[in-house]
Visitor: 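Take this structure, written in structure tokens, and hold onto it; I'll ask about it next.
By convention in this document, chain letters (A, B, ...) are assigned in the order of the sequence lines, proteins followed by strands, and residues within each chain are numbered from 1.
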Amino acid sequence: MFSRQFEYLAPTSLDDALSALASTPGAKIMSGGQSLIPLMKLRLFSPGTVVDIGRIDGLGDIVERDDHISIGALVRHNQTASDPLVAEHATALGQAAAWTGDHQVRNRGTTCGAMAHADIAADQPAAAIALGATMVARSSSGEREIPAQEFFVDALTSALSDDEILVELRVPTSTNGSTSAYDKLGRRGGHTDYAVAGVAVWVQVTDGSVSDARIGVTGVGTRPSLAEAAASALIGTDGNDEAITDAAALVTDGITVIEDLYGSVEYKTHLAKVFTERALRQALAG
Amino acid sequence: MTANVIGKAIRRKEDPALIQGKGLYTDDMKMAGMLHAAFVRSPFGKARILGIDASRATELEGVHAVYTAEDVRQLGPLLAQVAIGALRPLLADGTVNHVGEAVAMVVATDRYVAQDAVDAVDVDYEPLEAVVDLEDAASDRTIANDTNASNVIHVWEVGDADAVAAARATDGAVEVSVKMINQRLIPTAIEPRSALADYNGGYGNMTLYSSSQIPHAVAGALGKTFGLSSNNVRVIAPEVGGGFGAKLNYYSEEALVTFASRELGSPVKWTETRREASVATIHGRGWVGTATIVGTGEGKILAYELDALSDMGAYTQNFTVAIPLLGQYVAPGQYDIPIHWKVQCVATNAPTTDAYRGAGRPEAIFYLERAIDAFAREIGMDPADVRKRNFFEEFPATTAAGMLMDSGDYGANLDKLLELADYQGLRRKQEEARAEGRTIGIGLSTYVEVCGFGPSALAEGGFSWASYGLPAAFNGSGLVRVNPDGTATVMIGTGPSGQGHETTWAQIVSEALGIAVEDIQVRHGDTRDSPMGIGTFGSRSLAVDGSATSQAAEKVREKAARVAAHMMEASPDDIEFADGGAHVTGSPDKTVTWAEIAEVAYQPHRLPDGMEGGMEANAVFSPANATWPFGSHLAVVDVDTTTGDVTLLEYFAMDDCGNVINPMIVDGQVHGGLAQGISQALFEHAIFDEDGNLLTGSLLDYPIPTAGDLPSFTLDRTTTPTDVNPMGVKGIGEAGTIGSAQTVLNAVIDAVAHLGVTHIDMPLRPKRVWQAIHGNGA
Ligand SMILES: Cc1cc2nc3c(=O)[nH]c(=O)nc-3n(C[C@H](O)[C@H](O)[C@H](O)COP(=O)(O)OP(=O)(O)OC[C@H]3O[C@@H](n4cnc5c(N)ncnc54)[C@H](O)[C@@H]3O)c2cc1C
């Protein structure tokens, strides 16, 4: 529980943070510290330099801009969970943030940090995938946009490179007829703690039938991922119970489900189906 | 009785400091020149140590020493009261026998450097085959600790196998057997262990601060280890943030920091990290066994049998082997039934087990009460009715385990619980819910507890303190002193870790002397000024040390009455104490304050002829028997049969701990106990892989209960005093835990029995419940 020695930097501008990252090999960003600090205390991860972005102004807001809402790098889980814009345009993300950890974690941890950390059982990444969100990554050499479904590469590995900061998460604003929902079984039961299996869905209903859909799954595989086959099966149906069940049956297609302390492959596959059904019913009812 | 303070829910005197974060714990202590210790611990379940190379560590700046077995071998192994099986060397000597066993101690200028040095000690291990599964270990296919000839190091057995055979042969007898695991748990006090040793070579004195439940016992044990007399050892347990039995051991780290302080001439502190706590501190429970009820179709139990294995871990520590014996004492529960009860103590390559809240009694009651439920289901009778049919009704009662139970009123207690919970109403709601597609279950359990350890006779059964260099029997004492300003100081030999002794003891003394609770300070935990005591565990403090304190207060009252009578020219028989002083019965304006009494008492020339000066008294109390609290609990659960997720909807507890001094503190003890028992049912499990690696070694994977995981409990009580101590009190520290795990389990089985499920092993994690319901490898 005592980390190795490290340098601590607390720049007050994004540019300073980016240049510190670029010029210091092995430097790591810290936002809420809820995942980074425990790893450092256990000496499982020992960066030589920690760049704390917590004192940089302008990263803590949720705003509506053009065709999307923007969630800044320092927006905390509790802020995401209670924000009216999120509730309107990104219901699934708000639910996932509300069911992340406990109040202390939600008051410190950030939505963008949860993305960057890329835990295989984190909640909000599933919602980002289902909502078709975009990650905005910036380095001292420029900015690029990464679609959420390509962002989660492997366990604890995102598509960010070492010199990039995730400055913003963009979620498309909802149009008429689009809704989303998230449901999960937490490791402590109910909605509490990391997801044993969690499923976020986004559906667009046009003239009584599902014209578009995306499903994001977390907890069951080696990374949060898009369940393409299930979403395709739903598109074109009227979203009745049978269509939901048929689509849910395909939710782990293309996902390598792994066994852990919380469930066998069979159980987790089953849960992914159950929560796909539950989330779809919720989204289609809303 | 004059003051009416007993029975009041007075706010805890302890809390203002604690809730402001101003309580002082061992880790808060800082001393000039203080060094920090950290431990190199085994990464293997079992391995031979081929070599230890500490050269890289000793070269680091700030490292003062690295010690291994060679340095401390002469101090002998860790002392244990029931020294059956392999004892723990202070540092691993030649082999390691469980993950986390201490191999070397590093002492450095700060904790970070100490940890760097730990990482720099190279230990060359040859891994050996480990055994952690209890049944596998009991077969002796692999010996866990080569010091033992067999992994089965002891067998506890009581009762009458013939009586069980006779019951089986009875016409129409119904027999129900359930094989069950009562899983291994990691006691998780919010304050991990911590020890700070300060050896002063000038005075030849050793002072040890330690987060301990048993400061006097640790002082005795340190004296034995280091050849120091009582005058040269002082142990201080300052605030202790929870213990639950896990701090009821003299631990090797306490001996090792003491050793290092003596060697280096500097104070040395060690504070356990949370990860370390999960392998270096004792574990609890860890039983597997088959419980059998033989009975009639009308619910009469003809016999109860248990055949179980209990996990001791790799080494025997303080009461390791004696824990199942505590279970044996309560083996027949509240029932007047023949039993045959056998538990084999099995060594494994896992951390040592010892007392954990309830210690043997939750296990014993779990098997019994779970089996009774299964039996009731088999014969189609209401589980409450089966229990009532078999209760003891006359007290004192001698049980089939050979114990004498002091007092009880089991039927009335269970009836009151059923009324509180509206049992019939709940059964109706259960049916309605099922019609709506919801799966609700109602679970019951009764329990008896044996506690208030103090009876000298128990020392012969194994509960002796002799090996720590103390008097063998569990007696208690209390010292009451009235100060010249009329306030009182009470000194006790217990070692509370959150039980509110400062408040409860103040109430006892206030009741006797009429001194306000605010004017009474209760001191404990410093062996230099507390009277002899054993510590706080086994729900014993109030019944034993509390009784001693009430006797001491009584002695003070008698003397003060004589002084006051002398001052007011009245008869001592007419003196009453209230409102901070004494008055003469019938003449309320004739009063003297306690300060006035004390002023006279400390000046012997003003006392009646022949009376000694001073105003204090000590008493040592040895009860004739343990106490036998009891109660009954009821849980209501909702099971999501699609996911296996269990939600605890309601919990009702009807406990009986005899007379109550402070109902709020008693409720608090029940709350905490319930949380731990419920958590065993739903969450906690120390899981090892077959090589002995702990897979749940952090709080990420080992869920402890939080307020958010639990419903509001509904509590009530019945009051059946005991006559084995002057206050008629029993004990409540462990009752909640003893009653609760099987109550929740019985409720879950009640919910899903119609789906063909007969048993699910704890913890009832969703995956297990789902597997059981869906028949997939449960
Ligand atoms: C007790 C507890 C319970 C938890 N329960 C849950 C749960 O139920 N569900 C769940 O999903 N999560 C849970 N978490 C994890 C929590 O959500 C973390 O807060 C989150 O994973 C990380 O966010 P952070 O801001 O704290 O990131 P940090 O800990 O600061 O950083 C985490 C990692 O991301 C990198 N990083 C952070 N921000 C950026 C950025 N803007 N750009 C580039 N890299 C960045 C860091 O370098 C680091 O590698 C829990 C954590 C704790 C301690």
Side-chain angles (χ1 to χ4, degrees), chain A residues 1-6 34-35 37-44 46 98-99 101-106 119 121-122 183-199 219-220 245 248 259-278 281, chain B residues 36 38 108 110-119 192 271-277 637-648 679 682-685 687 689 695-710 763-771 773-774 776-778:
Chain A
M1 295 301 203
F2 298 96
S3 68
R4 290 206 173 79
Q5 224 176 46
F6 61 92
Q34 297 303 294
S35 296
I37 300 286
L39 288 174
M40 288 173 65
K41 285 175 75 173
L42 294 171
R43 298 192 170 205
L44 293 173
S46 300
W99 295 332
D102 50 40
H103 264 292
Q104 283 141 304
V105 170
R106 291 196 291 274
D119 194 289
D183 205 353
K184 78 189 251 200
L185 176 68
R187 288 178 181 172
R188 301 178 75 102
H191 293 129
T192 312
D193 209 340
Y194 285 98
V196 180
V199 180
V220 301
T245 313
E259 173 168 9
D260 59 20
L261 281 178
Y262 308 94
S264 61
V265 170
E266 189 186 11
Y267 178 56
K268 290 178 137 198
T269 306
H270 164 77
L271 286 182
K273 285 180 196 156
V274 170
F275 289 106
T276 305
E277 290 174 14
R278 290 183 183 180
R281 264 188 235 118
Chain B
H36 294 264
D110 74 54
R111 298 163 104 171
Y112 292 85
V113 175
Q115 192 58 47
D116 290 344
V118 164
D119 291 352
T271 297
E272 196 175 50
T273 69
R274 188 51 76 184
R275 281 231 151 183
E276 202 176 19
V637 299
D638 183 322
V639 180
D640 180 340
T641 55
T642 313
T643 62
D645 195 19
V646 174
T647 307
L648 180 60
S679 186
L682 296 179
F683 303 129
E684 296 180 45
H685 189 187
I687 305 173
D689 71 11
L695 304 180
T696 54
S698 87
L699 295 183
L700 186 62
D701 299 313
Y702 188 87
I704 55 167
T706 68
D709 296 319
L710 303 165
L764 300 168
R765 302 301 288 263
K767 68 168 184 183
R768 292 194 170 185
V769 176
W770 181 78
Q771 277 165 354
I773 294 171
H774 299 277
N776 297 308

Visitor: Minimum heavy-atom separation for A/Phe275 to B/Thr643, with atom names?
Guide: CZ-CG2, 3.9 Å
Visitor: Less than 4.5 Å to any heavy atom of chain A: does that hold for the side chain of B/Asp119, its backbone, both, or neither?
Guide: side chain
Visitor: Side chain, backbone, both or neither: which part of B/Phe683 has an atom under 4.5 Å from a heavy atom of chain A?
Guide: side chain
Visitor: Under 4.5 Å from any heavy atom of chain A, what part of B/Asp709 do you find: side chain, backbone, both or neither?
Guide: side chain
Visitor: Got a donor-acceptor contact below 3.5 angstrom from the B/Arg765 side chain to the A/Gly189 backbone?
Guide: no
Visitor: Indicate the atoms forming the closest heavy-atom contact of A/Arg188 with B/Pro703, along with that distance.
Guide: NH1-CB, 3.7 Å
Visitor: Compare every heavy atom of B/Gln771 with every heavy atom of A/Ser264, then report the nearest pair and how far apart it is.
Guide: OG-NE2, 4.2 Å
Visitor: If every non-hydrogen atom of A/Tyr262 is compared with every non-hydrogen atom of B/Leu700, which pair is closest and at what distance?
Guide: OH-O, 3.7 Å
Visitor: Can you tell which of A/Arg4, A/Arg43, A/Gln5 makes a side chain to side chain donor-acceptor pair (under 3.5 Å) with B/Asp116?
Guide: A/Arg43
Visitor: Could you work out, with ring-ring contact (aromatic ring centres under 6.0 Å, His included) as the rule, every residue matching A/Phe6, not counting sequence neighbours?
Guide: none
Visitor: Measuring from B/Asp645:CG to A/His191:NE2, what's the distance to the nearest 0.5 Å?
Guide: 8.5 Å
Visitor: Search all heavy atoms of A/His270 against all heavy atoms of B/Thr642 and return the closest pair with its distance.
Guide: NE2-O, 2.6 Å
Visitor: I need the A/Asp260 CG to B/Leu695 CG distance, nearest 0.5 Å.
Guide: 11.0 Å
Visitor: Return the minimal non-hydrogen interatomic distance between B/Tyr112 and A/Ser3, and the atom names on each side.
Guide: CD2-O, 3.3 Å
Visitor: Is it the side chain or the backbone of A/Leu261 that comes within 4.5 Å of chain B heavy atoms, both, or neither?
Guide: both
Visitor: Please flag which part of B/Ser698 lies under 4.5 Å from any non-hydrogen atom of chain A: side chain, backbone, both or neither.
Guide: neither
Visitor: Using non-hydrogen atoms and a 4.5 Å limit, figure out which bit of B/Leu699 sits close to chain A: side chain, backbone, both or neither.
Guide: neither
Visitor: Is the closest side-chain heavy-atom distance between A/Phe2 and B/Asp110 below 4.5 Å?
Guide: no
